[in-house]
Amino acid sequence: HAYLFCGTRGTGKTTCAKVLSRAVNCLNPHDGSPCNECEVCNGILDGSILDVKEIDAASNNGVDNIREIRDDVRYVSTNAKYTVYIIDEVHMLSTGAFNALLKTLEEPPEHVIFILATTEAHKILSRCQRFDFKRIKPSDIILRMKEIAHGDKLNISEDAYELLGRLADGSMRDGLSILERVVSACGNSITAENITATLGISTAESIFQITDAIEKGDVNKIISVIDNVMSDGKD
């Protein structure tokens, strides 16, 4: 009746919550996955079915907001089998609000499912089925970026893909945000040099120069490289 999705940002917690909300209500599920074609799936996707409710706890974190949920859960779903409440950033709820939610969370009506998403699972103590979302591998982020680049007719070099995969730091959303920023600044052809210039970060070459200088114990070289990087206004 209640799921806790936790993990670092941009790893797909809210996206998976939305997929699950369709899967439990789908009229023709395929091996547990939603068909995305039936009237219920389409209704949830276009927002015409209101039995899936997404709440941002960061901006709705008061006791009154939770009381509304507590009052609403009594009503049976209108179009779907289950009413699904997706509460994003649930750790942002005030102590009073979370205490108000706790009773409903632990003993909800049979037609209600709660999905809580958080980046700070240690703050949530409740009787939920917990799922930990891990950082996404750079290779998987690159694969998704290549699909997008192919669809949008972007010409991105391999070293640029590798750099984007590293900069994403395990977050698909952050990776795509960086890609969008670089595309808006540089157009449809992107190299690793375009990325370092757009984001104002140091190049791999300057990092290798520093590590080589450290290995040789060349203090003057280290200071010189850092000085050049700083004078270029890079981190």
Side-chain angles (χ1 to χ4, degrees), residues 4-20 31 33-34 36 45 56 58 86 88-89 91 117-122 130-235:
L4 178 63
F5 289 177
C6 43
T8 55
R9 69 185 189 279
T11 50
K13 299 183 296 296
T14 308
T15 301
C16 284
K18 291 175 182 175
V19 173
L20 180 57
D31 295 326
S33 298
N36 295 327
L45 283 166
D56 178 18
I86 300 170
D88 204 6
E89 303 295 343
H91 62 274
T118 180
T119 54
E120 301 186 33
H122 61 279
R130 173 172 168 165
F131 293 91
D132 289 290
F133 284 61
K134 297 177 181 176
R135 290 177 187 270
I136 301 168
K137 295 177 184 174
S139 57
D140 291 332
I141 292 174
I142 290 169
L143 192 63
R144 178 67 182 137
M145 285 183 176
K146 286 184 175 180
E147 290 173 358
I148 292 169
H150 179 72
D152 290 349
K153 295 181 172 56
L154 303 177
N155 182 21
I156 303 176
S157 66
E158 278 301 321
D159 58 345
Y161 276 124
E162 288 178 14
L163 182 55
L164 287 166
R166 286 203 309 275
L167 291 172
D169 195 26
S171 168
M172 184 68 76
R173 186 173 63 231
D174 287 1
L176 295 179
S177 296
I178 293 169
L179 176 60
E180 188 177 1
R181 186 172 156 192
V182 175
V183 169
S184 64
C186 304
N188 289 357
S189 292
I190 297 165
T191 63
E193 288 74 21
N194 295 142
I195 297 168
T196 54
T198 303
L199 302 181
I201 57 177
S202 355
T203 61
E205 184 186 354
S206 61
I207 294 167
F208 289 141
Q209 284 176 348
I210 290 173
T211 53
D212 288 344
I214 290 170
E215 186 183 22
K216 294 171 184 173
D218 189 344
V219 177
N220 290 334
K221 179 66 173 177
I222 295 169
I223 294 172
S224 171
V225 174
I226 291 173
D227 184 52
N228 288 334
V229 171
M230 296 293 286
S231 64
D232 287 343
K234 294 181 178 177
D235 184 354

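All values below come from the heavy atoms of this structure, side chains included, with hydrogens, waters and symmetry mates left out.
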Would you say Asn194 and Thr191 are linked by a side-chain donor-acceptor pair, where the criterion is simply a distance under 3.5 Å?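 A pair is found: one side chain offers a donor N or O, the other an acceptor, under 3.5 Å apart.
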
Is there a salt bridge (charged side-chain N to carboxylate O under 4.0 Å, His left out) between Arg130 and Asp132? Walk through the geometry before answering. CA-CA 7 Å; Arg130 173 172 168 165; Asp132 289 290; 2.9 Å; yes

Measure the spacing between [atom1] of [X] and [atom2] of [Y] and express it to the nearest 0.5 Å.
{"X": "Asp212", "Y": "Glu215", "atom1": "CG", "atom2": "CD", "value": "6.5 Å"}
{"X": "Asp159", "Y": "Glu193", "atom1": "CG", "atom2": "CD", "value": "6.0 Å"}
{"X": "Arg181", "Y": "Leu199", "atom1": "CZ", "atom2": "CG", "value": "5.0 Å"}
{"X": "Thr118", "Y": "Leu4", "atom1": "OG1", "atom2": "CG", "value": "7.0 Å"}
{"X": "Tyr161", "Y": "Leu179", "atom1": "OH", "atom2": "CG", "value": "8.0 Å"}
{"X": "Glu120", "Y": "Thr8", "atom1": "CD", "atom2": "OG1", "value": "12.0 Å"}

Residues Leu176, Ile148; criterion side chain to side chain contact (heavy atoms under 4.5 Å, CB included); working and verdict: CA-CA 9 Å; Leu176 295 179; Ile148 292 169; 3.4 Å; yes

Under 4.5 Å between any side-chain heavy atoms of [X] and [Y], yes or no?
{"X": "Val183", "Y": "Asp152", "answer": "no"}
{"X": "Ile214", "Y": "Ile222", "answer": "yes"}
{"X": "Leu20", "Y": "Ile86", "answer": "no"}
{"X": "Ile142", "Y": "Leu164", "answer": "no"}
{"X": "Thr196", "Y": "Ile201", "answer": "yes"}
{"X": "Lys13", "Y": "Thr119", "answer": "yes"}

Tell me if a side-chain donor or acceptor on [X] pairs with a main-chain N or O of [Y] at a distance below 3.5 Å.
{"X": "Thr198", "Y": "Ile195", "answer": "no"}
{"X": "Lys134", "Y": "Gly7", "answer": "no"}
{"X": "Arg166", "Y": "Pro138", "answer": "no"}

Over all atoms of both residues, closest heavy-atom pair of [X] and [Y]:
{"X": "Ala168", "Y": "Ile141", "answer": "CB-CD1, 3.7 Å"}
{"X": "Ala160", "Y": "Ala192", "answer": "CB-N, 3.7 Å"}
{"X": "Ala213", "Y": "Lys221", "answer": "CB-CG, 3.7 Å"}
{"X": "Thr11", "Y": "Arg135", "answer": "CG2-CA, 4.1 Å"}

Under 6.0 Å from the CD atom of Glu147, do we count more than 12 heavy atoms belonging to anything else shown?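 Atom CD in Glu147 is packed in, count exceeds 12.
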
Just say parallel, tilted or perpendicular for the rings of Phe131 and Phe5, cut-offs at 30° and 60°.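 Answer is perpendicular, since the angle exceeds 60°.
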
Tell me, with the steps shown, if Glu89 and Arg9 meet salt bridge (charged side-chain N to carboxylate O under 4.0 Å, His left out). CA-CA 10 Å; Glu89 303 295 343; Arg9 69 185 189 279; over 6 Å; no

